[in-house]
Each structure stands twice: as structure tokens, then as C-alpha cells.
Amino acid sequence: SAAPSIQYPDVDTSEITQPEQLSFQFGFDKSELSEEDKEIVMKHARFLVDNPEMVLKIQGHTDHLGPKAYNEYLSKKRSEAVAKILIDQGVQESQLKIIAMANEAPLADTEDTHLNRRVELEYREMNLVSNN
């Protein structure tokens with residue numbers, strides 16, 4: 001006998017998928033995003049608004065130049081620049097976790113300092129986020 005036909009709800013194929021770009025570079029001593037990067041952050045915002053069960057970890061990084069306290073401040077400002085766009089676009093603050101890494105997690109050898117001036121995004125499911 002034929003399997004019973006199941007009515008599936010219409011799937012909206014325009015559904016917002018998670019943007020692929022998860023790393024954003026910054027100029028030396030800068031915490032402003034380029035216009036192109038802002039557009040991508042706005043796509044992340046739409047994804048987060050559509051997926052309230054997702055949490056986004058926003059990790060700011062700096063290069064190794066300058067005092068540690070200043071780098072912590074700058075890495076936090078970079079994270080906050082991304083968070084502000086997300087919140088302005090309607091993302092709940094509870095979905096965001098800002099982390100200031102300063103220069104504790106360099107990507108590349110120190111000649112490539114510009115690669116370390118970045119914010120990295122990492123998605124987690126709300127129920128998988130522990131308190132630490």
C-alpha cells in the first residue's frame with residue numbers, strides 16, 4: 001500500500017541562513033567596521049532575530065603592539081562595535097556574549113599583525129551555553 005501522504009508546511013526558501021563570514025578585520029588602533037563588513041553583520045543580525053535560540057560569541061582581538069590594558073579596551077571596543085549593529089537591528093542582548101581577548105589568541109606570526117586585529121563570531125545554541 002502507498003505510504004500516507006504527509007502535508008509539510010511550506011518551507012520559505014528565502015529563509016535566512018547563517019552568513020559564512022565569521023571574522024572581521026580592523027585597521028590599526030581602529031574599532032570601526034568597513035561598510036561591506038557592516039552589511040554582513042546586519043545579515044548576522046537577521047539570522048539571530050530569526051533564530052532566537054542562537055547565541056553569538058563576539059570575540060575581539062588586537063595585535064601584540066601596545067600595553068595589555070589598552071589592548072583589552074580596544075578588543076572590547078571592537079566587539080562592541082559589532083554588538084551595537086546587531087542590537088540596533090533588533091537582536092536581543094541575551095543572545096550576545098562579548099569577549100575581549102586583547103592579544104591573547106594571535107592567529108598568525110607577529111609579522112602579520114593586521115590579521116590579529118579582528119573580531120571573530122562563534123554561534124552556539126542557547127541551551128548549550130554554559131555560564132563560564
Side-chain angles (χ1 to χ4, degrees):
S1 67
S5 75
I6 300 166
Q7 280 294 300
Y8 290 105
D10 289 338
V11 177
D12 179 5
T13 49
S14 71
E15 195 195 346
I16 295 155
T17 54
Q18 185 183 313
E20 282 173 28
Q21 185 178 329
L22 295 169
S23 187
F24 300 89
Q25 306 289 314
F26 290 83
F28 179 71
D29 202 20
K30 294 272 186 291
S31 59
E32 292 80 44
L33 288 158
S34 70
E35 288 307 312
E36 300 84 73
D37 282 352
K38 279 182 190 162
E39 306 242 322
I40 291 162
V41 172
M42 287 182 184
K43 288 183 179 149
H44 283 284
R46 286 198 287 278
F47 178 76
L48 283 160
V49 168
D50 259 27
N51 295 275
E53 76 289 354
M54 296 304 280
V55 170
L56 186 61
K57 215 160 106 178
I58 307 171
Q59 301 182 80
H61 298 264
T62 64
D63 58 34
H64 65 292
L65 305 166
K68 183 170 170 22
Y70 181 75
N71 284 338
E72 276 174 12
Y73 162 79
L74 183 59
S75 65
K76 187 163 185 276
K77 268 189 73 163
R78 287 175 176 164
S79 293
E80 285 171 346
V82 173
K84 181 181 180 336
I85 296 169
L86 296 170
I87 290 165
D88 286 349
Q89 299 293 312
V91 176
Q92 300 298 313
E93 283 189 52
S94 58
Q95 286 179 270
L96 304 178
K97 207 171 169 192
I98 290 178
I99 298 164
M101 298 290 291
N103 56 332
E104 283 166 41
L107 272 185
D109 48 31
T110 46
E111 279 84 87
D112 253 343
T113 55
H114 71 280
L115 292 176
N116 290 324
R117 298 194 288 267
R118 71 198 192 278
V119 161
E120 286 183 356
L121 305 181
E122 189 185 322
Y123 280 97
R124 295 269 172 85
E125 295 257 345
M126 188 78 78
N127 55 8
L128 297 178
V129 177
S130 63
N131 291 325
N132 56 26

- What residues form a ring pair (Phe, Tyr, Trp, His ring centres under 6.0 Å) with Tyr123, not counting sequence neighbours? His44, Phe47
- Message: Could you work out, with ring pair (Phe, Tyr, Trp, His ring centres under 6.0 Å) as the rule, every residue matching Phe24, not counting sequence neighbours?
- Response: none
- Message: By the ring pair (Phe, Tyr, Trp, His ring centres under 6.0 Å) test, which pairs, at least two apart or in different chains, include something from residues 71-107?
- Response: Tyr70-Tyr73
Identify the heavy atoms of [X] and [Y] that sit nearest to each other, and give their distance.
{"X": "Val49", "Y": "Pro52", "value": "O-CD, 3.8 Å"}
{"X": "Ser75", "Y": "Ala100", "value": "OG-CB, 3.3 Å"}
{"X": "Ala102", "Y": "Lys68", "value": "CB-O, 4.5 Å"}

- Query: In terms of heavy-atom contacts, does CD of Gln21 have more than 12 from other residues, nucleotides or ligands at under 6.0 Å?
  - Reply: yes
- More than 12 heavy atoms of other residues, nucleotides or ligands under 6.0 Å from CD of Glu53: is that the case? yes
- Judged by modelled atom types alone, do Asn51 and Gln95 share a side-chain donor-acceptor pair under 3.5 Å? no
- Single hit among Thr62, Leu74, Asp63 for side-chain contact (heavy atoms from CB on, under 4.5 Å) with Asp29: Leu74
- Note on the structure: Per side-chain contact (heavy atoms from CB on, under 4.5 Å), Ser31 is matched among Lys77, Glu80, Arg117 by Lys77
- Message: I'd like to know if Asp50 and Arg46 make a salt bridge, using a cut-off of under 4.0 Å between side-chain N and carboxylate O.
- Response: no
- Task: Could you tell me whether Glu72 and Lys76 have a side-chain N and a carboxylate O separated by less than 4.0 Å?
- Result: no
- Show the numbers, then the answer: is there a side-chain contact (heavy atoms from CB on, under 4.5 Å) between Ile58 and Ile99? CA-CA 6 Å; Ile58 307 171; Ile99 298 164; over 6 Å; no
- Identify, with sequence neighbours excluded, every residue that meets salt bridge (Lys or Arg N to Asp or Glu O under 4.0 Å) alongside Glu93. none
- Message: Can you list everything that forms a salt bridge (Lys or Arg N to Asp or Glu O under 4.0 Å) with Lys57? Sequence neighbours excluded, please.
- Response: Glu122
- Query: Checking side-chain contact (heavy atoms from CB on, under 4.5 Å) for the pair Met54/Arg124: CA distance, chi angles, key distance, verdict?
  - Reply: CA-CA 6 Å; Met54 296 304 280; Arg124 295 269 172 85; over 6 Å; no
To the nearest 0.5 angstrom, please state how far the [atom1] atom of [X] sits from the [atom2] atom of [Y].
{"X": "Asn103", "Y": "Thr113", "atom1": "CG", "atom2": "OG1", "value": "11.5 Å"}
{"X": "Asn116", "Y": "Met101", "atom1": "CG", "atom2": "CE", "value": "11.0 Å"}
{"X": "Gln89", "Y": "Met42", "atom1": "CD", "atom2": "CE", "value": "4.5 Å"}

Taking the side chain as everything from C-beta on, heavy atoms only, tell me whether [X] gets closer than 4.5 Å to [Y].
{"X": "Leu115", "Y": "Gln25", "value": "yes"}
{"X": "Arg78", "Y": "Arg118", "value": "no"}
{"X": "Leu48", "Y": "Leu96", "value": "yes"}

- Message: Could you walk me through whether Ile40 and Leu33 satisfy the side-chain contact (heavy atoms from CB on, under 4.5 Å) test, starting with their C-alpha distance in whole Å, then the side-chain angles of each, then the deciding distance to 0.1 Å, before giving a yes or no?
- Response: CA-CA 10 Å; Ile40 291 162; Leu33 288 158; over 6 Å; no
- Message: Test of understanding: with side-chain hydrogen bond (donor to acceptor under 3.5 Å, both in side chains), list the residues that count as partners of Lys38, not counting sequence neighbours.
- Response: Glu35
- Query: Taking Asn71 for the side chain and Leu65 for the main chain, is one N or O donor matched with an acceptor at less than 3.5 Å?
  - Reply: yes
